[in-house]
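Heavy-atom basis, side chains included; hydrogens, waters and symmetry copies ignored.
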Number of protein chains: 2
Amino acid sequence: MTFSEENYLKTIYHLTTASDSEVSTNAIAEKMETKASSVTDMLKKLADKGLVNYKKYQGVSLTEEGKLAAKMIVRKHRLWEVFLVEKLGFSWDEVHDIAEQLEHIKSEKLINKLDDFLDNPTEDPHGDPIPDREGRIVKIEKQLLSELSENQFGICVGVKDTSSEFLKYLDKQEIALGSKIEFLSKESFDLSLRIKVNGKELTISNKIASNLFVKLV
Amino acid sequence: MTFSEENYLKTIYHLTTASDSEVSTNAIAEKMETKASSVTDMLKKLADKGLVNYKKYQGVSLTEEGKLAAKMIVRKHRLWEVFLVEKLGFSWDEVHDIAEQLEHIKSEKLINKLDDFLDNPTEDPHGDPIPDREGRIVKIEKQLLSELSENQFGICVGVKDTSSEFLKYLDKQEIALGSKIEFLSKESFDLSLRIKVNGKELTISNKIASNLFVKLV
DNA sequence: AATTATTTTTAGACAAAACTAAAAATTATA
DNA sequence: TATAATTTTTAGTTTTGTCTAAAAATAATT
């Protein structure tokens, strides 16, 4: 499997699990910043290999084989992210691009040894689940901070947007995975939130709150 | 820089430092298991980029820039090998192929953090020196076991051949980096050696002895 | 339902890196 | 030194993955 094939599989995986349906050629092209014609070419190739279900003009989905392959790439990506943060001291906003490269290293033995070395983590530094060596994913119960009601408490367990920009904002506000957040009130005009973290009150926009996953406590 | 360009640079580096002269198109082709015509194509490309000195029919050598780039690839390769052995528990005969992939990961920050994580090692698991972040190499004094004289002692500090076959043979004989070897005698007929390791006497062929580096004690 | 707009595919081209086969240059040999 | 052998380069293909532009299919609108 080439790097390019792996990147397509991964993208299709993320797009289909997000919306849980078939995904369009254009959606893939947009996500991968490439042209629809290039996508069509690759879809044919992946279909020939039995990795995707593809019918012209009808969108694509992953076959079981394709889904497992995609999960293994995601597994590698997220394990390497844990390594970068836990062992090498990178911050959570720096690891994505490097993991994009490391996820293509081919050695099952390597990734399983890395898994053990990291004590078999179940989530990456952004709170996303890490598939185990059989591809199983343990989903944790979580909801968006924006969906809480007044005076509820939540533990921050993940981020929806993993952009460096957003993560650095959270660092600045001292919000991290594990932070206990109290939902104080919502401003009806702009849906901004008043919350309390680390003993400090602060106001965050609805956009911020819609990208933070919390677990109710 | 592409993977392919990096592999050529690395090969030219190894071939030129071994013989300390210009290297021929055919020598590169043989080492890389490719065709001479492919090598010619790449040499032109690398020359255009200022990484090699190349004149038609005259062989090639690395420019200063090319040499530094090659050393950085070697640095990455060897640091990853240390990681695989020291942290993940791979044996020294398993790491080469994986490091061949990892050496192409592009992030200076990553490799320097890895270097620190590993406590800035100066040699890889086969005893080969690891260039520092400026490309400097500390050469250790060493000689081939086959060059010792009777009743001299040597500490095993490296292997010339790093093939899995040879390394597994050494494991079987319980010879490792750090092993103290006493040179007992040499058989004039076939140049085989009588040595003593770990308190046990054994006979090794001249081929074996010509692939083991030792430091006199 | 017919027309327009959008999406998707096809056709043909290109760059990178490999190859084969033939030509050119170098080296070795008689 | 002429000729033969070897090495190296050139010329022309191939494969992978991309692109543009045009054609075909689908979706949206009047």
Side-chain angles (χ1 to χ4, degrees), chain A residues 1-16 18-19 21-62 66 69-70 73 100-101 103-106, chain B residues 1-16 18-19 21-62 66 69-70 73 100-101 103-106:
Chain A
M1 187 126 59
T2 67
F3 281 26
S4 190
E5 287 171 349
E6 290 190 342
N7 285 332
Y8 275 94
L9 278 188
K10 194 182 51 162
T11 301
I12 297 167
Y13 175 77
H14 287 312
L15 291 173
T16 50
S19 66
S21 66
E22 313 251 285
V23 65
S24 73
T25 303
N26 259 7
I28 298 169
E30 192 176 348
K31 188 82 178 267
M32 298 188 71
E33 297 183 326
T34 184
K35 302 293 168 175
S37 55
S38 307
V39 176
T40 302
D41 287 346
M42 183 56 83
L43 293 183
K44 284 180 189 168
K45 195 177 168 192
L46 294 174
D48 286 346
K49 292 195 173 190
L51 296 166
V52 301
N53 303 116
Y54 169 61
K55 265 185 251 164
K56 282 186 190 177
Y57 298 100
Q58 305 303 133
V60 271
S61 61
L62 295 172
I73 300 163
E100 287 283 298
Q101 299 180 63
E103 72 188 6
H104 300 294
I105 301 295
K106 280 152 193 74
Chain B
M1 188 126 58
T2 65
F3 281 26
S4 189
E5 288 170 350
E6 291 189 343
N7 285 331
Y8 274 94
L9 279 188
K10 194 182 51 163
T11 301
I12 297 167
Y13 174 77
H14 286 313
L15 290 173
T16 50
S19 66
S21 66
E22 313 250 288
V23 65
S24 74
T25 302
N26 259 9
I28 298 169
E30 191 176 348
K31 189 82 177 268
M32 298 188 70
E33 297 184 327
T34 184
K35 301 293 168 176
S37 55
S38 307
V39 176
T40 301
D41 287 345
M42 183 55 84
L43 293 183
K44 284 180 189 169
K45 196 176 166 192
L46 293 174
D48 286 345
K49 293 195 172 190
L51 296 166
V52 301
N53 304 115
Y54 169 62
K55 267 185 248 163
K56 281 186 191 177
Y57 298 100
Q58 304 304 133
V60 272
S61 61
L62 294 172
I73 301 162
E100 287 282 300
Q101 299 181 62
E103 72 188 6
H104 299 294
I105 302 295
K106 280 155 192 71

Distance below 4.0 Å between [X] side-chain N/O and [N] OP1 or OP2:
X	N	value
B/T25	D/dT9	yes
A/N26	C/dT6	no
B/T34	C/dC19	yes
B/K56	D/dT10	yes
A/Y54	C/dT8	no

May I have the distance from [X] (atom [atom1]) to [N] (atom [atom2]), rounded to whole angstrom?
X	N	atom1	atom2	result
B/I28	D/dT7	CD1	P	14 Å
B/K35	D/dG12	NZ	P	21 Å
A/E22	D/dT26	CD	C1'	15 Å
B/D48	C/dA16	CG	P	11 Å
B/K55	D/dT8	NZ	P	16 Å
B/L43	D/dT10	CG	P	11 Å
B/Y57	D/dT6	OH	C1'	12 Å
B/E30	D/dT7	CD	P	10 Å

Legend entry - Basic-acidic side-chain contact under 4.0 Å: A/E100, A/K10: yes
Measuring from the side chain of [X] (C-beta onward, heavy atoms only), which nucleotide among [options] has the closest atom?
X	options	result
B/D41	D/dT26, C/dA18, C/dT20	C/dA18
A/S4	D/dT9, D/dT18, C/dT8	D/dT18
A/A36	D/dT9, C/dC19, C/dT9	C/dT9
B/K44	D/dT10, C/dA18, D/dT7	D/dT10
B/S37	C/dA18, D/dT8, C/dA21	C/dA21
B/S38	C/dT9, D/dT9, C/dA18	C/dA18

If you define the side chain from C-beta out and look only at heavy atoms, does anything of [X] sit under 4.5 Å from [Y]?
X	Y	answer
B/N7	B/H104	yes
A/T34	A/I28	no
B/Y54	B/L46	no
A/M32	A/M42	no

Legend entry - Short side-chain to backbone donor-acceptor contact, B/K31 and B/A29, under 3.5 Å: no
Inset, instruction - Name the nucleic acid region contacted by A/Y8, choosing base, sugar-phosphate or nothing; use a 4.0 angstrom heavy-atom cut-off, strictly under. - result: sugar-phosphate
Inset, instruction - Could you pick out which residue, A/T2 or A/Q58, lies toward the 5' side of DNA chain D when each is mapped onto its nearest nucleotide? - result: A/T2
